[in-house]
Amino acid sequence: VQLQASGGGLVQAGGSLRLSCAASGRTFRDWDMGWFRQAPGKEREFVACIRWSGGTSLYADSVKGRFTISRNNANKNTVYLQMNSLKPDDTAIYYCAATPRMAYSALALTSSYNYWGQGTQVTVSS
């Protein structure tokens with residue numbers, strides 16, 4: 001699976017961005033997809049994930065109510081992360097990741113994901 005993330009940029013606090021992650025190489029619909037982020041000097045952390053079917057999603061507490069993950073299995077093989085009410089603390093490099101259908105309890109773990117995109121920078125100014 002090859003993953004290409006895009007959509008990052010510079011935005012003021014309170015603004016919005018939508019990240020996209022295009023997948024290619026294998027059957028996209030068989031993969032659970034996640035978004036992670038890494039700020040300077042910090043470890044990579046879980047942001048959100050969505051099941052292969054699109055029916056179940058999970059969010060980090062820090063982004064609940066502000067971020068929404070979705071996916072298009074039908075014809076675009078793409079997963080999205082809509083980010084609203086952005087805060088300076090959301091500044092990080094955002095990575096999309098893919099894993100074969102995984103136990104729900106493991107979906108928030110970095111180690112559960114086999115494939116990673118190259119990352120896209122999100123900077124939120126105060």
Side-chain angles (χ1 to χ4, degrees):
V1 175
Q2 291 80 46
L3 304 173
Q4 181 72 38
S6 62
L10 173 63
V11 64
Q12 289 189 331
S16 298
L17 283 173
R18 188 175 84 153
L19 306 184
S20 299
C21 176
S24 62
R26 298 186 66 173
T27 307
F28 178 69
R29 68 175 67 88
D30 289 336
W31 297 77
D32 296 328
M33 301 294 296
W35 285 98
F36 292 76
R37 66 187 182 187
Q38 187 166 18
K42 295 187 177 181
E43 293 187 354
R44 192 170 296 188
E45 65 175 6
F46 170 75
V47 175
C49 64
I50 189 166
R51 281 298 215 175
W52 60 274
S53 63
T56 303
S57 56
L58 180 66
Y59 297 91
D61 288 343
S62 59
V63 306
K64 276 182 184 176
R66 300 188 298 122
F67 291 11
T68 303
I69 189 170
S70 61
R71 67 190 294 163
N72 185 334
N73 289 349
N75 56 11
K76 291 188 176 181
N77 288 354
T78 303
V79 61
Y80 304 97
L81 185 68
Q82 177 67 43
M83 305 186 296
N84 299 328
S85 302
L86 283 162
K87 305 174 181 179
D89 284 349
D90 294 318
T91 295
I93 299 174
Y94 283 70
Y95 298 90
C96 60
T99 182
R101 301 181 189 183
M102 176 62 63
Y104 183 79
S105 60
L107 284 173
L109 301 176
T110 306
S111 58
S112 295
Y113 291 81
N114 305 78
Y115 298 94
W116 293 82
Q118 85 288 1
T120 184
Q121 176 71 48
V122 171
T123 303
V124 184
S125 63
S126 57

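Keep in mind the model is a prediction, meaning the values are calculated, not measured. For reference, positions follow the sequence shown, starting with 1.
- Contact detail for Thr56 and Tyr104: the closest heavy-atom pair is CG2-CE1, 3.5 Å.
- The salt bridge (charged side-chain N to carboxylate O under 4.0 Å, His left out) pairs that include a residue from residues 49-60 are Asp32-Arg51, where partners are two or more places apart or lie in different chains.
- Sorted pairs that involve residues 1-17 and meet salt bridge (charged side-chain N to carboxylate O under 4.0 Å, His left out), not counting sequence neighbours, are lacking altogether.
- Contact record, Leu19 with Thr120: CD2-CG2, 4.0 Å, taken as the closest heavy-atom pair.
- Contact record, Val1 with Ala23: CG1-CB, 4.4 Å, taken as the closest heavy-atom pair.
- The list of salt bridge (charged side-chain N to carboxylate O under 4.0 Å, His left out) pairs with a residue in residues 111-126, not counting sequence neighbours, is empty.
- Taking every heavy atom of both residues into account, Cys21 and Leu3 meet most closely at SG-CB, 3.9 Å.
- When the side-chain hydrogen bond (donor to acceptor under 3.5 Å, both in side chains) test is applied to Gln121, the partners found at least two apart in sequence or on another chain are Thr123.
- With sequence neighbours excluded, no residue forms a salt bridge (charged side-chain N to carboxylate O under 4.0 Å, His left out) with Arg71.
- Taking the ring pair (Phe, Tyr, Trp, His ring centres under 6.0 Å) definition, one finds that Phe67 meets it with nothing, sequence neighbours left out.
- No side-chain heavy atom of Leu81 sits less than 4.5 Å from a side-chain heavy atom of Arg18.
- With sequence neighbours left out, the side-chain contact (heavy atoms from CB on, under 4.5 Å) criterion links Ser16 to Gln82, Asn84.
- Taking the side chain as every heavy atom from C-beta outward, Asp90 and Arg66 approach each other to under 4.5 Å.
- Side-chain contact between Asn77 and Asn72 is absent, with no heavy-atom pair separated by less than 4.5 Å.
- Within the structure, ring pair (Phe, Tyr, Trp, His ring centres under 6.0 Å) contacts touching residues 107-126 (residues at least two apart or in different chains) are Trp31-Tyr115, Phe36-Tyr113, Phe36-Trp116.
- Put simply, the side chain of Asn114 reaches to within 4.5 Å of the side chain of Pro100, judged on heavy atoms.
- For residues 99-118, the pairs satisfying salt bridge (charged side-chain N to carboxylate O under 4.0 Å, His left out) are Asp30-Arg101, with sequence neighbours left out.
- The nearest pair of heavy atoms linking Val63 to Val47 is CG2-O, 3.5 Å.
- Leu58 and Ile69 fall into different hydrophobic clusters, where Ile, Leu, Val, Met, Phe, Trp and Tyr side chains are chained together by heavy-atom contacts under 4.5 Å.
- Between the Thr99 side chain and the Ser112 main chain, a donor and an acceptor come within less than 3.5 Å of each other.
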Taking it one step at a time, do Thr68 and Tyr80 satisfy side chain to side chain contact (heavy atoms under 4.5 Å, CB included)?
CA-CA 8 Å; Thr68 303; Tyr80 304 97; over 6 Å; no

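- Partners of Trp35 under the ring pair (Phe, Tyr, Trp, His ring centres under 6.0 Å) rule, at least two apart in sequence or in another chain, do not exist in this structure.
- Residues Arg44 and Tyr95 are in side-chain contact: their nearest non-hydrogen atoms beyond the backbone lie under 4.5 Å apart.
- Contact of the Ile93 side chain with the Arg37 side chain is not registered, since no non-hydrogen atoms from C-beta on lie closer than 4.5 Å.
- Shown here for Ser20 and Thr78, the closest heavy-atom pair between the two residues is CB-CG2, 4.2 Å.
- With sequence neighbours left out, the ring pair (Phe, Tyr, Trp, His ring centres under 6.0 Å) criterion links Trp52 to no other residue.
- Applying the ring pair (Phe, Tyr, Trp, His ring centres under 6.0 Å) criterion to Tyr59, with sequence neighbours excluded, gives no partner residue.
- In terms of modelled atom types and a separation under 3.5 Å, the side chain of Ser57 and the main chain of Ile50 share no donor-acceptor contact.
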